[in-house]
Amino acid sequence: MSDPLLANLNPQQLQAVTAGDGQILVLAGPGSGKTRVLTRRLAYLIDRMQVPAYEIVAVTFTNKAASEMENRVATLVQSDLKGIWLGTFHAMCARMLRFEAGYLPFNNNFVIFDSDDQETLVKRAMRDLKIDEKLHRPVSVHAAISAAKNDLKGPKEVTRGSYKEEVVARVYERYEQLLRLNNAVDFDDLLFWGAKLLREHEFLRDKYASRFRHVLVDEFQDTNMAQYELLTYLSSYHKNIFVVGDEDQSIYRWRGADYRNVLRFEKDFPDCQKILLEQNYRSTQVILDAARSVIDRNHNRTPKHLFSDRGAGNKIVRYDAVDDNAEAGFVVDTIAAKIGAKNSLPRDFAVMYRTNAQSRVIEEAFMHAGLPYHLVGAQRFYGRREIKDVICFLRLVENPSDEVSLQRVISVPPRGIGETSIANLRDAANNAGISIGDALLDLGRIGEASPYWAAVGRSAGKMADFGATVAGWVDQKAQISLVSLFDRILSDVGYREYIDDNTDEGVDRWENVEELRRLAEDFNERGLTEFLQNLALVSDQDTIKEEEEDRSRDNSSVTLLTLHAAKGLEYKQVFIVGLDENVLPHSRSKDDPEEMAEERRLFYVGITRAKDQLYLVRAERRRTFGEFDFSEPSRFLKDIDPSLILNEGKRASSRSSRYEQDLTWGPSYNQPAAPSKVRHISFESAPASSKAAKYKAGQRVKSEKFGEGIILESKLESDGEEIIDVHFKDYGLKHLMASLANLEILQ
DNA sequence: TCGCCAAGACTTTTT
DNA sequence: GTCTTGGCGA
């Protein structure tokens with residue numbers, strides 16, 4: 001079939017893409033072409049079924065997924081996509097809430113609070129209620145509030161059984177009051193109010209539901225209750241809902257995601273058509289079999305039989321290291337040898353771990369070996385202090401009621417205004433029934449004539465100065481462009497001088513601000529409101545993942561990332577490290593079977609990222625919080641059929657620091673070097689003697705010099721030389737030329 | 001009011 | 001081991 005819209009689809013994919021009206025549930029295993037199905041389906045509806053783009057809503061979880069989909073669909077259809085609602089759940093709701101603000105307890109220039117702001121506000125609420133922050137940690141109270149919202153429970157609807165629940169309920173109530181006072185919503189509110197709006201106003205529900213002839217959803221397994229309800233409302237008129245997901249890849253339970261929404265969907269729509277995508281285009285069969293043996297032990301799911309036509313492939317290599325240094329050493333050695341053998345590039349590799357803390361040891365090993373690497377997602381651009389500062393200045397201008405932002409920037413840079421003065425102003429503002437921001441502006445505009453002058457006390461003058469500055473921005477914002485406003489704020493407060501102290505970090509900080517300014521330039525036409533909303537909703541992951549993709553394309557370096565961050569990505573060779581009890585599965589998941597099932601899924605996600613080769617690595621002993629911990633192998637390792645695994649045994653424990661020694665005489669990749677400088681050891685080579693490979697992976701061998709070992713990989717070079725990677729019991733990984741290695745094959 | 005030091009925390013983090 | 005937070009002294 002040469003029809004580009006339907007070309008290159010397997011029968012199940014085709015069935016999904018061309019399915020008729022009604023409810024369609026596509027369960028798509030990893031690497032089964034889920035994105036392809038979704039984009040083709042969209043194109044099919046528009047191009048073949050003549051559905052106008054504005055009658056379609058397609059929701060994703062990330063902006064990146066949304067923009068990718070949009071770009072791909074645009075290349076497939078003739079007509080433009082004008083009017084389509086294609087974006088994240090949160091962006092979609094924000095749009096709806098601004099439009100329907102008349103029915104809501106906030107107005108349409110609300111700001112969106114990120115998790116930092118939310119926590120600040122929870123703390124404030126707890127202080128207001130005189131609740132001891134030591135007894136009830138604000139983070140956990142916040143988590144409980146967030147969970148309630150995701151479950152569509154308001155402050156009045158949460159259970160008040162235990163003392164803790166009582167505390168949560170009271171803080172929740174106050175927290176909501178504060179949000180309204182700040183004219184702000186949090187992430188969860190976007191969904192909460194979105195669902196509430198459609199539930200409580202029938203005509204609004206009809207308005208949207210009748211407009212959207214087709215509803216499409218990506219990553220359906222990650223929806224929470226609010227999102228599920230929202231989707232039901234949106235599809236309540238035409239009842240055409242097409243969802244794609246995979247229960248087995250649901251790894252955000254702790255954020256309210258409930259994979260059982262897949263089961264709920266089947267129950268709510270008994271006539272739904274269920275399509276399984278089981279052909280995997282990514283991994284070898286060995287990898288898929290291992291993945292399946294791990295995931296099949298979970299319940300409440302649709303069993304899937306992933307298959308590949310890529311052949312069995314290499315066995316999985318398991319390596320048990322004595323400690324975390326040796327674990328990192330194994331990873332680095334193996335990668336360096338393969339790169340040295342010129343059969344792999346740094347970008348072919350990824351190292352995945354359960355917790356960010358594990359990256360440190362691995363990074364050190366990479367640095368020591370001079371191997372190029374990069375981390376995904378560890379440093380959050382939007383979490384950076386300087387970025388947050390500037391955003392808060394802007395938010396304050398947009399919405400002077402935003403007390404969280406005001407509080408943050410009032411002493412940036414320090415201007416002699418302290419906690420006492422702020423508290424005085426807040427009290428006075430509260431008494432007058434206005435927001436503290438408005439009081440500040442009043443003070444700035446009329447100075448001593450303001451009723452708040454006396455209330456503030458000693459630093460009233462300084463407070464008024466700052467108020468005047470802010471008032472200047474607020475008065476100007478309608479007249480000047482976003483970028484001019486940006487520049488004006490920075491120069492008025494002397495921000496560059498404040499953060500850039502000419503140290504490396506200082507320069508770095510200023511560069512981040514400049515980066516933010518570049519982003520602002522893109523929004524110069526659209527203005528401040530949209531810029532801020534975009535900052536709140538695009539945040540972090542999208543930008544960082546994009547950067548990471550560019551980086552691994554251009555500079556070619558090994559990717560280090562958490563298992564969570566790995567979702568949706570793929571690499572030729574994957575190392576999963578820390579396969580130990582209490583690491584993976586994590587110790588905190590031990591007393592809850594649901595949590596444990598999620599750890600299993602996390603491992604499953606990791607396994608299925610690998611295209612060609614998977615390494616499972618653990619350490620008997622690792623440093624956590626500066627102390628040594630011993631641990632058992634992860635329970636998940638037992639679930640993989642031993643015939644799929646090449647067991648490496650463990651490194652002789654006599655010299656745990658041997659990697660440092662190895663590096664000085666092994667393959668010479670020990671100098672700090674750019675990727676190109678990672679060279680492999682060059683033997684004084686004799687001409688090739690044989691044309692056929694003598695060794696193959698899995699064979700046990702013995703060498704005079706290195707003792708017993710196991711072949712990891714053998715490759716025949718174009719000159720007929722056989723290059724082998726051998727892992728020796730006592731010497732670790734060696735990269736050798738077969739003709740010179742003088743190895744004896746053991747039975 | 002600000003900055004420094006010490007005690008305490010410390011999974012994961014699509015929006 | 002290292003980052004954050006909060007208390008205290010200048």
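Every chain is numbered from 1 and lettered A, B, ... according to where its sequence line falls, protein lines coming before strand lines.
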Is the NZ or CZ atom of A:Arg526 both under 6.0 Å from the centre of the six-membered ring of A:Phe523 and within 45° of that ring's axis? yes
Remember a base hit wins even if backbone is also touched, and classify [X] as base, sugar-phosphate or nothing at under 4.0 Å, heavy atoms.
X: A:Arg623; answer: nothing
X: A:Arg385; answer: nothing
X: A:Gln358; answer: nothing
X: A:Glu599; answer: base
X: A:Ile417; answer: sugar-phosphate
X: A:Thr624; answer: nothing

Are A:Thr355 and A:Gln358 linked by a side-chain donor-acceptor pair shorter than 3.5 Å? yes
For A:Asn512 and A:Arg509, which I'm curious about, is there any donor-acceptor pair between the side chains at under 3.5 Å? no
Give me the one residue out of A:Leu179, A:Asp188, A:Thr120 that meets side-chain contact (heavy atoms from CB on, under 4.5 Å) with A:Phe113. A:Leu179
For [X] and [N], give me the distance from atom [atom1] to atom [atom2], rounded to whole Å.
X: A:Asp324; N: C:dG1; atom1: CG; atom2: P; value: 13 Å
X: A:Glu119; N: B:dA9; atom1: CD; atom2: P; value: 15 Å
X: A:Arg622; N: C:dG1; atom1: CZ; atom2: P; value: 17 Å
X: A:Asn261; N: B:dT14; atom1: CG; atom2: P; value: 20 Å
X: A:Glu598; N: B:dT13; atom1: CD; atom2: C1'; value: 12 Å
X: A:Glu595; N: B:dT12; atom1: CD; atom2: C1'; value: 10 Å
X: A:Leu537; N: B:dT14; atom1: CG; atom2: P; value: 13 Å
X: A:Gln221; N: B:dT14; atom1: CD; atom2: C1'; value: 11 Å

Under 4.0 Å between a side-chain N or O of A:Asn356 and OP1 or OP2 of B:dT13? yes
If the cut-off is 4.0 Å, is A:Thr88 near the phosphate of B:dT14, judged by side-chain N/O to OP1 or OP2? no
Specify whether A:Phe265 and A:Phe220 have parallel, tilted or perpendicular ring planes, treating 30° as the upper limit for parallel and 60° as the lower limit for perpendicular. perpendicular
For the side chain of [X], starting at C-beta, report the closest nucleotide among [options].
X: A:Ser459; options: B:dT14, B:dT1, B:dT13; result: B:dT1
X: A:Pro414; options: B:dT14, B:dC2, B:dT13; result: B:dC2
X: A:Ala565; options: B:dT1, B:dT13, C:dT2; result: B:dT13
X: A:Arg360; options: B:dT13, B:dT14, C:dT2; result: C:dT2
X: A:Arg137; options: B:dT13, B:dT1, B:dC10; result: B:dC10

Would you mind telling me which residue lines up with the more 5' stretch of DNA chain B, A:Phe61 or A:Arg415, judged by nearest nucleotide? A:Arg415
Toward the 5' end of DNA chain B, which comes first, A:Arg354 or A:Ser421, by nearest nucleotide? A:Ser421
Determine the interatomic distance between P on B:dT12 and the same-named atom on C:dT5; round to the nearest Å. 16 Å
With stacking defined as ring centroids separated by under 5.5 Å and planes differing by under 30°, is A:Trp254 stacked against B:dT12? yes
Under 4.5 Å between any side-chain heavy atoms of A:Asp151 and A:Asn224, yes or no? no
